[in-house]
Each structure stands twice: as structure tokens, then as C-alpha cells.
Amino acid sequence: MSVQMNFRENVAVAMQSIGGNRLRTALTALIIAIGIMALVGILTAIEGIKQFTNDTFSSMGANSFTIRNRGGGIHFGGGGRGKVYPAIRYLDADHFKKSFVIPSKVSVSTQTSSTATLKYNDKKTNPDIDILGGDENYLATAGYKLAAGRNFSSSELSMARVW
């Protein structure tokens, strides 16, 4: 014959059991709390590592691509003359930028010199400065962060104004 207990009696027996085994109850609650904290900590750490990895790869240009002609002096095979690739003209690059309709940032840039000396008033740099020109999106697409100041706006670039 089974004994049936109502809800009130079940709660009373449970409370009596908890009161009689206080150490066991405290240890069980502590283990559950530590387990939940560990789980939340692990999930937070994984999400942080994922975000850091995405930001790092993004800054390295892993989510971008570069279109350029091949440089001169590239030879494959046994001797002979290397193929000469035509230069990409600014008008062609600008046309590509304007016709690229996928929602993204497109940038046009050029490397002009790698052995230049820059001068401003009486200040002068070392003679091994790279000079690179880029548009308003270059910093974002190349993965650079501006340390101070601000970038040129598209209207400043189109009007060739600095201020």
C-alpha cells in the first residue's frame, strides 16, 4: 500500500532534511554556484577570444582584397622576357570604385616612392620614407587606426581642399 503525501507535507519533509543536513546543503549549493560561475566565465572568455581574433584578422586585411597589376621583373620558367602588365590608371580604378555596388568600402591608393625625404618648413625626415596616397576609405580598408587628428572627408578629396 502506497502512502500518498500532499504538496505541503513534501515541502515540510524537504525543509526538515535540509535543516538536518546543513553542511551537505551548503556544500551542494556552493558546488552548484561555482559550476554556474565557471560556465559563465568560460562562455565569456570564448566570446572575448572570438571577438579579439576577428578584430585582429580584420585589421590585417583578412576581410579585404587588393587589385593591382603585377610589378615588372617577374620571370617564370627558363629565361626569356617577362610579361609586361599594363599599369592600372587612376580613371580605371575610380570607375571600378564607383561601379562596385555591393555594400562595402572601396579604396584607391598608390605607392609613389619608398626612398623619399619629406620636408615641412625647417623640418626634414630621413631619406627612406614611403609615400603612399590613399582616399577617404584607405585607412579602414588597410587596417590602420589614426593615432591623432582626423581623416580627410570625401568632399575634401573631391575639391582638393585640406581645410
Side-chain angles (χ1 to χ4, degrees), residues 24-163:
R24 177 191 245 175
T25 303
L27 288 175
T28 303
L30 184 65
I31 289 170
I32 292 171
I34 289 172
I36 291 173
M37 285 190 325
L39 182 64
V40 169
I42 289 169
L43 292 175
T44 303
I46 289 172
E47 193 61 35
I49 290 169
K50 215 188 306 184
Q51 184 66 38
F52 176 77
T53 305
N54 286 341
D55 290 346
T56 302
F57 279 123
S58 176
S59 70
M60 291 185 338
N63 59 352
S64 63
F65 61 92
T66 303
I67 300 173
R68 62 177 169 211
N69 68 327
R70 283 190 162 169
I74 297 175
H75 301 282
F76 294 103
R81 250 180 7 163
K83 183 173 180 180
V84 177
Y85 294 92
I88 298 174
R89 298 179 307 146
Y90 174 75
L91 293 175
D92 296 333
D94 192 48
H95 174 70
F96 175 80
K97 179 181 175 180
K98 289 176 181 171
S99 62
F100 197 76
V101 294
I102 298 173
S104 61
K105 290 187 178 184
V106 179
S107 174
V108 175
S109 64
T110 184
Q111 172 97 27
T112 59
S113 174
S114 61
T115 57
T117 302
L118 299 179
K119 296 178 185 177
Y120 179 73
N121 291 336
D122 60 342
K123 296 180 181 177
K124 188 165 106 172
T125 66
N126 293 335
D128 58 349
I129 299 295
D130 290 338
I131 298 177
L132 186 132
D135 61 5
E136 72 278 7
N137 293 327
Y138 178 74
L139 292 177
T141 58
Y144 293 118
K145 293 190 177 14
L146 201 56
R150 66 174 182 84
N151 198 9
F152 292 117
S153 68
S154 56
S155 65
E156 290 171 333
L157 291 173
S158 66
M159 303 296 261
R161 285 195 278 177
V162 178
W163 298 103

For Lys124, which residues count as a side-chain contact (heavy atoms from CB on, under 4.5 Å) partner, sequence neighbours excluded?
Thr117, Lys119
Rounded to the nearest 0.5 Å, what's the gap from CG on Asn126 to CG on Leu118? Could you check?
10.0 Å
Not counting sequence neighbours, which residues clear side-chain contact (heavy atoms from CB on, under 4.5 Å) with Leu27? List them please.
Leu23
Look up atom CG in Leu39 and atom CD1 in Ile42, then write down how far apart they are to the nearest 0.5 Å.
6.5 Å
Compare every heavy atom of Leu146 with every heavy atom of Asn151, then report the nearest pair and how far apart it is.
N-CD2, 3.4 Å
Any side chain to side chain donor-acceptor pair (under 3.5 Å) pairs touching residues 33-50, not counting sequence neighbours?
none
Show the nearest heavy-atom pair for residues Tyr138 and Ser107, with the distance to one decimal.
CA-OG, 3.2 Å
Say whether, by atom type as modelled, one donor and one acceptor occur between the side chain of Asn121 and the main chain of Lys123 under 3.5 angstrom.
no
Rounded at 0.5 Å granularity, tell me how far OG in Ser109 sits from CG in Leu139.
10.5 Å
Out of curiosity, Asn137 CG to Lys97 NZ, how far, rounded to the nearest 0.5 Å?
5.0 Å
